[in-house]
Chemist: 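Here it is, the structure, as structure tokens.
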2 protein chains.
Amino acid sequence: MRGIPAETRKRILAAATDLFYAKGIRAVGVDAIAAAAGVTKRTLYLHFDGKDDLIAAYLEARNEPVLAGLIKSVMRSSGGIAAQIEGLFLAFARQAGNPNWHGCPFARAVSELRETPNDAVSEIAARHKRAFEDWLAEHLASHHVAEPALVARQLMVLVDGCITQILIHRDPSYAAAAAAAAVALVERRLPD
Amino acid sequence: MRGIPAETRKRILAAATDLFYAKGIRAVGVDAIAAAAGVTKRTLYLHFDGKDDLIAAYLEARNEPVLAGLIKSVMRSSGGIAAQIEGLFLAFARQAGNPNWHGCPFARAVSELRETPNDAVSEIAARHKRAFEDWLAEHLASHHVAEPALVARQLMVLVDGCITQILIHRDPSYAAAAAAAAVALVERRLPD
DNA sequence: GTTTTAGTATACCGTTCTGTATACTAAATA
DNA sequence: TATTTAGTATACAGAACGGTATACTAAAAC
């Protein structure tokens, strides 16, 4: 069989994404990824230099869609900026109910691959988080929130903390506390 | 050589702790732990039923000292409750400067071992987090903070979010934003 | 003084890991 | 039509994995 190369690569990446995200990166071998993609290991190594390259491609491919999803969660609300930020955290509670949800792929990759010589993972994850933080700061500023950079950082802390608590306790209701905190932190920076 | 059994067990556990915490749990083999403990693999399996048992013992052993350290960070400050909570986050910034610091061992274990059939990990981690949350709620209540249970949860979210951000960005200064958020969330619940 | 205990040393088992090699096939391309 | 391309199928190399087996040793306990 002869397929379109870009299609095959996408299928391998999709299989890697599902498995890495669900089971963890070290827990998944290249054999399992090749099998899940319906591809021989030979073909996998024809499209990727090795597992490290596949890991980097996996994270890089998640950057844009995850970022878009986060922004969409904020923008969906029709209310003011505080309601929008609240919507972000309520979206976490909703998503966490899905059994396929396993938290933030970037945070989990960094956490798992600590002290392994794969610089790409750390760099991609930091870039992703920074991108959302920067977007938040601009969005807050455009809604006349004072100290937007500081508030954006505080919201990032709440975002990852919310996700971690939900993962540990297997209880999406932690998002409600995070949402209330986020609203309070935003509202106290609004003009009177 | 014949050693005191409890001593040998402690040495194995200490080696496992160092390696698991620094490199991750899947990244460390039992051979490496035995070698680091200066013990044969035979001896290791004489003290632990297997790697899963060792993982559970590692986390269980961290519970008390980590909890004690967190409480100490809060109680060190001589100021009021807001200053105490601020001190907790400033302690994170201090510890994160140490190259041996790698975040929360419980959150990292849960994150890495997601969807592996080791119930103990999830249970121990949840119990640990819950213990600090409960202590915080009682401490806040004793300082006349309103809605202590909710505020305690919000602080837990900030704690784990702060740690995650520092890990990802390799930048302890994220603790400052978390500290400011924590102070604001506590102060607004103080009696006038 | 004999037996139990807590080890060492070493070898091995079967499996899985990342990665490579060899040979073949069918579709697109020149 | 000949050649390149993108694959399949299969096997294997070399290491690391968790875990076990055998034989021996020295200190402690009865």
Side-chain angles (χ1 to χ4, degrees), chain A residues 1-59 109 112-121, chain B residues 1-59 109 112-121:
Chain A
M1 308 279 173
R2 173 102 190 273
I4 300 118
E7 271 290 333
T8 304
R9 192 191 151 94
K10 266 190 188 174
R11 219 165 64 244
I12 296 168
L13 207 47
T17 297
D18 288 349
L19 291 169
F20 281 156
Y21 182 60
K23 303 188 175 182
I25 291 172
R26 292 202 106 100
V28 174
V30 288
D31 300 81
I33 294 169
V39 145
T40 61
K41 200 155 56 155
R42 184 81 170 76
T43 301
L44 188 150
Y45 277 97
L46 221 129
H47 284 273
F48 299 92
D49 285 343
K51 193 180 180 181
D52 281 355
D53 186 31
L54 193 52
I55 295 165
Y58 151 61
L59 285 180
E112 181 180 357
L113 303 181
R114 183 93 183 174
E115 290 228 336
T116 50
N118 193 338
D119 302 328
V121 168
Chain B
M1 304 285 171
R2 173 98 189 275
I4 300 118
E7 272 289 333
T8 304
R9 193 191 150 91
K10 266 191 189 173
R11 219 166 62 244
I12 296 169
L13 206 48
T17 298
D18 288 349
L19 290 169
F20 281 155
Y21 181 59
K23 303 188 176 184
I25 290 172
R26 291 200 107 99
V28 174
V30 288
D31 299 81
I33 294 169
V39 145
T40 62
K41 202 155 55 155
R42 184 80 171 75
T43 301
L44 188 150
Y45 276 97
L46 221 129
H47 284 274
F48 299 92
D49 285 342
K51 193 181 181 182
D52 281 354
D53 186 32
L54 194 51
I55 295 165
Y58 150 62
L59 286 180
E112 182 181 356
L113 302 181
R114 182 94 183 173
E115 290 227 336
T116 50
N118 193 338
D119 302 327
V121 168

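All values below come from the heavy atoms of this structure, side chains included, with hydrogens, waters and symmetry mates left out.
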Chemist: In whole angstrom, what separates B:Ile33's CD1 from D:dC17's C1'?
Modeler: 12 Å
Chemist: Which whole-number value in Å describes the distance from B:Ile25 CD1 to D:dC17 C1'?
Modeler: 16 Å
Chemist: Under 3.5 Å between N/O atoms: give me all the protein pairs with nucleotides 28-30 of chain C, atom names plus distance.
Modeler:
{"from": "C:dA28", "atom 1": "O4'", "to": "A:Arg2", "atom 2": "NH1", "distance (Å)": "3.2"}

Chemist: Which distance, rounded to the nearest 0.5 Å, do you find between the CD of B:Glu112 and the CD1 of A:Ile25?
Modeler: 10.0 Å
Chemist: Quick one: does B:Lys51 reach the base of D:dG19 with a side-chain donor-acceptor pair under 3.5 Å?
Modeler: no
Chemist: So, is B:Thr8 close to the C:dG7 phosphate, meaning a side-chain N or O under 4.0 Å from OP1 or OP2?
Modeler: yes
Chemist: Return the CZ to OH distance between B:Arg114 and A:Tyr21, rounded to the nearest 0.5 Å.
Modeler: 8.0 Å
Chemist: Rounded to whole angstrom units, what separation is found between the NZ atom of A:Lys23 and the C1' atom of C:dC17?
Modeler: 15 Å
Chemist: Between C:dA6 atom P and B:Leu46 atom CG, what is the distance in whole Å?
Modeler: 8 Å
Chemist: When rounded to the nearest 0.5 angstrom, what distance separates CG in B:Leu44 from CZ in B:Arg9?
Modeler: 10.0 Å
Chemist: Restricting to pairs with a member in residues 40-59 of chain A, which pass ring pair (Phe, Tyr, Trp, His ring centres under 6.0 Å), not counting sequence neighbours?
Modeler: A:Phe20-A:Tyr58
Chemist: For a quick test of reading the model: is some side-chain N or O of A:Thr43 closer than 4.0 Å to OP1 or OP2 of D:dT8?
Modeler: yes
Chemist: Return the nearest nucleotide to the side chain of A:Val30; candidates are D:dG18, C:dT18, C:dT22.
Modeler: C:dT18
Chemist: Quick one: which of C:dA6, D:dT22, D:dG19 gets closest to the side chain of B:Tyr45?
Modeler: D:dG19
Chemist: Hey, does the side chain of B:His47 come within less than 4.0 Å of C:dG7's phosphate (OP1/OP2), counting only N and O?
Modeler: yes
Chemist: Nearest 0.5 Å, what's the CG-CG distance between B:Asp52 and B:Leu113?
Modeler: 8.5 Å
Chemist: If I compare all heavy atoms of A:Arg11 with all of A:Ala37, which pair ends up nearest, and what's the gap?
Modeler: NE-O, 3.0 Å
Chemist: Can you tell me how far P of C:dT5 sits from CZ of B:Arg9, to the nearest Å?
Modeler: 18 Å
Chemist: In terms of side-chain heavy atoms of A:Asp31, which of C:dT18, D:dG18, C:dA21 is nearest?
Modeler: C:dT18
Chemist: Within this structure, what is the CZ-to-P distance between A:Phe48 and D:dA6, rounded to whole angstrom?
Modeler: 14 Å
Chemist: Can you check the B:Lys41 NZ to D:dA16 C1' distance for me, whole Å?
Modeler: 10 Å
Chemist: Measure from CG on B:Leu54 to P on D:dG18 and round the result to the nearest Å.
Modeler: 10 Å
Chemist: Shortest non-hydrogen contact from A:Ala32 to A:Leu19?
Modeler: O-CD1, 3.8 Å
